[in-house]
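From a predicted model like this one, the values you see are computed outputs, not experimental measurements. Letters A, B, ... mirror the listed sequences (proteins, then strands); counts begin at 1.
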Amino acid sequence: MIVRIALLLPLLAALSAGCKREEIRVYIAPKDRAFAREESPSEPGRSRPQLTWVLPRGWQETDPGKVSVANFAIKTSEGEASVNITPLPNLEGQEAMVVNMWREQVGQRPLTEEEIVASLVPVEVAGEPGKLFEIAGADKRRIITAMQHRGDASWFFKLAGDEAVVIAQKPAFLDFIKSVRMKESLAPTTTAHSHAHFNWSVPDQWHPLEAKEMQIARFAVPERGGAKAEVSVSIFPNDTGGTLANVNRWRKQIGLGEIGEADLPSVVRSLDGSEGGAILVELANASHRLVGAIIPRANQWFFYKLLGDADAVAAEREAFIRFASSPP
Amino acid sequence: MTNPVWKFFTSLRLTVTLLAFAVLLVFFGTLAQVDEGLWKAQEIWFRSFVVVGQKLRLFNWHFPVPIFPGGYLIGFTLLANLTAAFIKRFQWRRDKIGIHLIHSGVILLLLGQLLTDLLSNESHLRLREGETKDYSEAHRRNELIFATDAQPPNEEIVSIPESFLRAGATIQDEKLPAVVRVKEYGLNCEVRRRGPAVDGPSPATEGPGQQLVVEPRPETKDMESRNVPYAYVELIKAGQSLGTWLVTPWLGMFGVPPQEIVVEGRTVRTDFRSERYYKPFSVTLLKTTNEIYRGTNIPKNFRSRVRIENPARSENREVDIYMNHPLRYEGLTFFQYQMGREEMDRGSVPNSTLQVVKNPGWLAPYAGCYVVALGMYVQFRHHLTGFLQKRLARGGTARPRSGRAGPIAARLLEAGLLGYLVLKFTLKLFGYA
């Protein structure tokens with residue numbers, strides 16, 4: 001008996017050490033403070049300043065795209081270059097990573113942190129100190145970037161393009177970043193648009209929510225016996241791949257498989273009472289339903305989506321169609 | 001008793017052999033750190049039962065170690081050997097008390113090490129001045145998580161350990177929002193922005209990973225750096241693909257929030273991040289102090305002033321954590337670990353990293369050492385007394401007759417001295433002296 005007990009002790013110990021197997025686990029935890037803050041509609045950190053500037057001669061303002069807040073094109077007899085202004089989450093302390101990321105993009109070897117710190121030149125950006133760095137690419141291309149950490153964002157002002165143009169435009173670029181002024185605004189940052197700019201008639205029963213990334217507006221519709229649904233609106237400068245691609249993307253969102261061009265008529269119909277080319281898409285699975293509208297308006301495509309539990313979507317379908325059809 | 005197993009485990013030859021193997025194991029394990037790094041060498045040599053097919057290097061001499069007992073095998077066999085020998089040779093005699101204590105102390109030491117191995121955990125809490133966190137992060141372990149909204153302000157997190165992510169693996173679990181198919185996985189990588197007309201199409205069909213190029217890197221064995229893994233994962237619901245996402249801790253480091261995926265009308269956030277250990281309290285870094293000796297890089301004073309907020313205990317207090325003065329709180333020990341001096345020099349927001357150690361068995365080695373020391377004291381004292389008595393008897397010298405007061409005073413002095421030493425070491429251990 002004593003022998004068994006004596007040998008059992010280390011055996012149990014060995015087994016317990018060998019049984020430290022990893023497994024999928026589930027736990028409840030508070031949302032990340034940083035990201036939870038982004039979702040709060042009343043949080044001032046969510047706001048992005050409105051920018052003004054003095055535009056240098058020969059620069060042409062172009063579509064800022066989804067990430068930047070302003071883009072400019074420069075065309076001269078020596079070639080082309082572009083300037084863009086992009087805010088990113090605060091990257092303070094990660095300057096070396098940022099510089100190396102751009103260096104690699106133009107085929108240059110990464111530098112050590114010391115080399116990068118030594119290469120940063122102080123400049124004035126929007127009335128406050130910033131840092132500037134230059135990267136000469138292997139293919140006669142050049143990038144000049146000024147960066148400034150401000151609040152919870154890092155602002156990047158980038159002049160990139162053919163080397164001759166970039167060198168010639170550098171003085172104008174430095175004057176430009178100096179002329180920029182940032183005025184604090186409470187507009188949502190996720191897009192250059194805001195639903196405050198639109199005159200659409202939102203049904204009274206809809207409750208506005210903070211728009212998520214790529215959206216210009218988002219609303220919660222009334223609950224129906226616990227069934228929930230949301231309306232979201234996005235605007236894109238193109239039709240993002242065509243009707244079939246959009247329908248299949250929406251189908252995926254509610255767990256449905258892709259369909260082919262031939263099946264489109266069964267889920268898509270033209271949207272009455274709206275501009276030409278507008279379509280209405282209706283999809284459903286066992287529990288959820290999606291009603292979507294794609295409406296081209298003045299070189300822009302408006303995407304409206306009502307998605308949620310089937311009962312809540314059914315109750316708001318007509319209001320949604322009226323909302324989507326109304327001029328924004 | 002002639003049972004051969006019993007005979008084997010109670011053999012003193014086994015003890016000597018195991019101790020010799022232990023010495024060699026420490027030597028080999030130390031050599032392995034040169035090429036494998038500390039963490040991997042620990043896994044291969046000390047946290048294993050058998051080590052197979054290793055190659056070691058001593059200066060420029062390379063030699064193979066085809067097979068060798070690992071740390072677990074030596075440790076557990078030694079534990080069995082000591083326990084069995086203790087039982088076999090146990091005799092309730094006054095002159096054996098010291099030996100019994102020494103045996104018990106060594107067994108306690110081995111068990112304490114096992115307890116530490118099973119239950120201890122080290123993580124880091126990196127904070128910028130003014131930042132608050134209620135979790136610490138593993139330095140080398142990562143998790144792929146899927147989070148959904150729970151009772152505000154919480155979320156429900158399903159966490160997949162990184163070890164599950166292997167190219168071609170399919171991860172199915174009823175807790176997951178969808179089946180996860182790992183299309184590609186790398187232990188270490190760097191990422192850069194996708195260059196138009198330079199890079200081919202991304203394996204990612206959804207999320208910000210579409211704009212990034214992943215460049216796999218070899219595993220880093222450097223103690224100061226960490227591996228940043230990546231994976232392209234395809235999510236499949238009801239047999240239909242929802243798309244392929246790039247997941248990597250780089251995204252979080254760039255400030256990209258967790259990627260949102262709509263699965264059957266429900267928004268799920270996914271992130272590949274350092275494994276987190278949540279606390280029932282929060283820590284805010286209020287101020288960092290970072291001083292070095294003039295003209296050198298030798299730290300003089302690294303100090304973090306933090307605020308601990310624990311709603312369950314209605315606690316809100318400030319405390320300083322600095323070198324050799326860790327904070328012990330809620331079963332955890334917070335050590336001052338690193339400080340972002342370079343960032344401070346560049347005028348950025350200072351940051352501080354605290355090492356968070358959870359080791360419920362931290363007292364066991366000290367208790368083992370106490371018991372061993374006490375056993376040695378009792379044993380040597382017994383032998384010394386016996387030796388002196390014999391010597392006095394052989395010399396024919398009569399025992400000095402000083403009445404009863406002499407021995408009583410000597411024993412009081414001995415007990416007082418012992419008590420003082422034990423008290424002093426104990427107070428030192430808990431940071432009071």
**Message:** Only pairs of heavy atoms separated by less than 4.5 Å count here; which of G243(B), G75(B), S163(B) has the most with chain A?
**Reply:** S163(B)

**Request:** Counting only heavy atoms closer than 4.5 Å, note whether L307(A) contacts chain B via side chain, backbone, both or neither.
**Result:** side chain

**Item:** Region of I261(B) that comes under 4.5 Å of a non-hydrogen atom in chain A
**Value:** neither

**Asked** Any side-chain heavy atom of E143(B) within less than 4.5 Å of one from R25(A)?
**Response** yes

**Contact class of F164(B) relative to chain A, heavy atoms under 4.5 angstrom** = side chain

**Prompt:** In terms of heavy-atom pairs under 4.5 Å with chain B, which of I24(A), D309(A), V26(A) leads?
**Reply:** I24(A)

**Message:** Can you tell me if K228(A) has over 12 outside heavy atoms packed within less than 6.0 Å of its NZ?
**Reply:** no

**Prompt:** Which bit of V263(B) comes within less than 4.5 Å of chain A, counting heavy atoms only: side chain, backbone, both or neither?
**Reply:** backbone

**Request:** Write down the atom of P161(B), the atom of E23(A), and the distance for their closest heavy-atom approach.
**Result:** CG-O, 3.5 Å

**Message:** Counting only non-hydrogen atoms closer than 4.5 Å, does L290(A) touch chain B with its backbone (N, CA, C, O), its side chain (CB onward), both, or neither?
**Reply:** neither

**Request:** Let me know if L115(B) has heavy atoms under 4.5 Å from chain A in its side chain, its backbone, both or neither.
**Result:** neither

**Prompt:** To the nearest 0.5 Å, what is the distance between CG (L242(B)) and CG (L256(A))?
**Reply:** 10.5 Å

**Message:** I'd like to know whether CZ of R266(B) has more than 12 heavy-atom contacts from other residues, nucleotides or ligands below 6.0 angstrom.
**Reply:** no

**Prompt:** If you measure from CD on E22(A) to CD on E275(B), what distance do you get to the nearest 0.5 Å?
**Reply:** 7.0 Å

**Prompt:** Is it the backbone or the side chain of S241(B) that comes under 4.5 Å from a heavy atom of chain A, or both, or neither?
**Reply:** backbone

**Complete:** Under 4.5 Å to a heavy atom of chain A? For E190(B) that would be side chain

**Asked** Of all of E155(B), E206(B), E156(B), Q240(B), which one pairs up most often with chain A through heavy atoms under 4.5 Å apart?
**Response** E155(B)

**Message:** Please find the pair of heavy atoms, one from A29(A) and one from I157(B), that lie closest to each other, and give the distance.
**Reply:** CB-CD1, 3.9 Å

**Request:** Could you look at Y135(B) and say if it's the side chain, the backbone, both or neither that has a heavy atom under 4.5 Å from chain A?
**Result:** side chain

**Request:** Between chain B and each of I28(A), I254(A), N285(A), count heavy-atom pairs under 4.5 Å; write down the option with the most.
**Result:** I28(A)

